[in-house]
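Note on naming: letters A, B, ... go to the chains in the order of the sequence lines (proteins, then strands), and numbering restarts at 1 for each one. None of the values given here were measured: they were computed from a predicted structure.
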There are 2 protein chains.
Amino acid sequence: MQITSKFTVAVHILTCIDVFGGQMRVTSDFLSGSTGVNAVIVRNVLGQLRNAGIVETRQGSGGAHLAKALDEITLYDIYKAVDCIDDEGLFHFHENPNVDCPVGRNIHKAMDGRLKAAQEALENELKSTTLAQVVADTRKIIYGE
Amino acid sequence: MQITSKFTVAVHILTCIDVFGGQMRVTSDFLSGSTGVNAVIVRNVLGQLRNAGIVETRQGSGGAHLAKALDEITLYDIYKAVDCIDDEGLFHFHENPNVDCPVGRNIHKAMDGRLKAAQEALENELKSTTLAQVVADTRKIIYGE
DNA sequence: AAAGTTGTAACTAATTTTGTTTCAACTTTC
DNA sequence: GAAAGTTGAAACAAAATTAGTTACAACTTT
């Protein structure tokens, strides 16, 4: 089980928009070239980021732009934007426990809070890191200290 | 994206073994009835739990038993036993980033540590809760305070 | 020996994820 | 205002993953 690659692709895309945005038009085609992901998928991801208010794109003109400062975008914002985890939560309960069994009837409730806490631990960690940090690290690796 | 239901099924199974183990033989068939999961899947899960040293089962005789005390089994042990997350980690990187692009070449490394930290936050939370707690909560709901 | 059980392999079905094709709508430039 | 290049989105296809099923050998107990 893995979280959809759309998440890391989205981070990649946003990093490209910041790094290359000053010099050129960052189109879905260019981003497809850098990420290795199909251009339509890139446009889908950009659409989700746009709906979340993270980027701005326009039909025709081409080129995506950040709609927020880098340090105002957390990894959690991106994770939510691309819908990594649905409303059911990170953990998956089997659909048909036997309600005639006292354990089957109650185990969901007994586990739920603890599993939510685990998911929140993950999400809080993502909330604590911003795109600014990731981009800074990327630039460091590219251009040196 | 959700973590395989084998995880919550495994917790369900282990809870049943503890709750019903005194009174009856807890077979894969019985567990299939309580969980609503196919008996072969139950046996697969039991096999993984056995490999991890969490339960004991034997061909022929039937009935699974815990191999450890409830408070020595954490949710993390179960999560590892049923292989929720493979060696690649929780987050999934796309396979074909463009190595000719400075971002494509380096973004993986730039993100990796932070994503590992998020995964560890999740796993540490799972390490902090034991099956004893889950079973106690389940018993409370079943039998009251 | 018979009945019931586990362990495992091979196969099927369902679901999810990713990729592809296609084209209308829009913007810019010539 | 026509041409070129781009986004947005729908419909479809392919690949991968997850869960279920069938079948049967190996084992234990009665």
Side-chain angles (χ1 to χ4, degrees), chain A residues 1-10 12-13 17 21 24-33 35-52 55-65 67 79 82-88 90-97, chain B residues 1-10 12-13 17 21 24-33 35-52 55-65 67 82-97:
Chain A
M1 189 291 310
Q2 290 191 304
I3 285 182
T4 170
S5 62
K6 288 203 299 182
F7 173 64
T8 52
V9 167
H12 185 150
I13 285 173
I17 293 173
M24 58 184 299
R25 213 161 37 137
V26 183
T27 65
S28 59
D29 232 55
F30 172 82
L31 291 168
S32 173
T35 57
V37 170
N38 190 281
V40 175
I41 307 288
V42 168
R43 291 205 284 273
N44 287 342
V45 172
L46 280 172
Q48 293 182 297
L49 294 173
R50 175 166 35 81
N51 289 338
V55 301
E56 284 169 355
T57 59
R58 280 167 62 213
Q59 274 193 330
S61 64
H65 300 273
Y79 157 99
V82 302
D83 243 347
C84 289
I85 307 293
D86 63 27
D87 298 335
E88 303 291 306
L90 175 60
F91 295 95
H92 181 48
F93 288 95
H94 192 269
E95 299 75 17
N96 311 114
Chain B
M1 189 294 308
Q2 290 192 304
I3 286 181
T4 170
S5 62
K6 287 202 300 182
F7 172 65
T8 50
V9 167
H12 185 149
I13 285 173
I17 293 173
M24 58 185 298
R25 213 162 37 137
V26 183
T27 65
S28 59
D29 231 54
F30 172 81
L31 289 168
S32 173
T35 58
V37 169
N38 189 281
V40 174
I41 307 289
V42 169
R43 291 205 285 272
N44 287 342
V45 171
L46 280 172
Q48 292 182 297
L49 294 171
R50 174 166 36 81
N51 290 338
V55 301
E56 283 168 356
T57 59
R58 279 167 64 212
Q59 274 193 330
S61 64
H65 300 274
V82 301
D83 241 350
C84 289
I85 307 292
D86 63 27
D87 298 336
E88 303 291 305
L90 175 60
F91 294 94
H92 181 49
F93 287 95
H94 193 267
E95 298 76 16
N96 313 113

Heavy-atom pair of closest approach, residues B:Ala39 and B:Ser32
N-OG, 3.4 Å
What is the minimum heavy-atom distance between A:Ala10 and A:Val82, and which atoms define it?
CB-CG1, 4.0 Å
Quickly work out the A:Asp29 CG to D:dG8 C1' distance and round it to whole Å.
15 Å
Nearest-Å distance, CD (B:Glu95) to C1' (D:dA16)?
11 Å
Heavy atoms, side chains only, cut-off 4.5 Å: are A:Arg50 and A:Val55 in contact?
yes
Would you say B:Arg25's side chain and B:Phe30's backbone share a donor-acceptor pair under 3.5 angstrom?
no
Specify the residue among A:Arg43 and B:Arg43 whose closest nucleotide of DNA chain C lies further upstream toward the 5′ end.
B:Arg43
For B:Gly60, answer base if it contacts any base atom (sugar-phosphate contacts may also be present), sugar-phosphate if it contacts only those atoms, and nothing otherwise; contact means non-hydrogen atoms under 4.0 Å.
base
Could you state the atom-to-atom distance from CG of A:Leu46 to C1' of D:dA9 in whole Å?
14 Å
Sub-4.5 Å side-chain heavy-atom contact between A:His94 and B:Thr8:
no
Rounding to an integer number of Å, can you tell me how far A:Asn96 CG sits from D:dA19 C1'?
12 Å
Can you work out whether A:Val40 or A:Thr4 has the more 5'-proximal nearest nucleotide on DNA chain C?
A:Thr4
May I have the distance from A:Ile41 (atom CD1) to D:dA9 (atom C1'), rounded to whole angstrom?
12 Å
For A:His65 and D:dT6, give me the distance from atom NE2 to atom P, rounded to whole Å.
13 Å
Any non-hydrogen side-chain atom of A:Leu31 less than 4.5 Å from a side-chain atom of A:Leu46?
yes
A:Tyr79 vs A:Phe7 aromatic rings, parallel, tilted or perpendicular, using cut-offs 30° and 60°?
perpendicular
What range of DNA chain C does chain A touch, first nucleotide to last, counting atoms under 4.0 Å from its heavy atoms?
C:dT18 to C:dT28
Could you state the CZ-P distance from A:Arg25 to D:dA4, rounded to the nearest angstrom?
15 Å
B:Asn38 CG to D:dT22 C1', straight-line distance once rounded to whole Å
10 Å
Taking a pair as Watson-Crick or G-U wobble with both distances under 3.5 Å, which nucleotide is matched to D:dT30?
C:dA1
Select from A:Gln2 and A:Arg58 the residue whose nearest nucleotide in DNA chain D is closer to the 5' end of that strand.
A:Arg58
Is A:Asn44 touching bases, backbone alone, or none of the nucleic acid, heavy atoms closer than 4.0 Å?
nothing
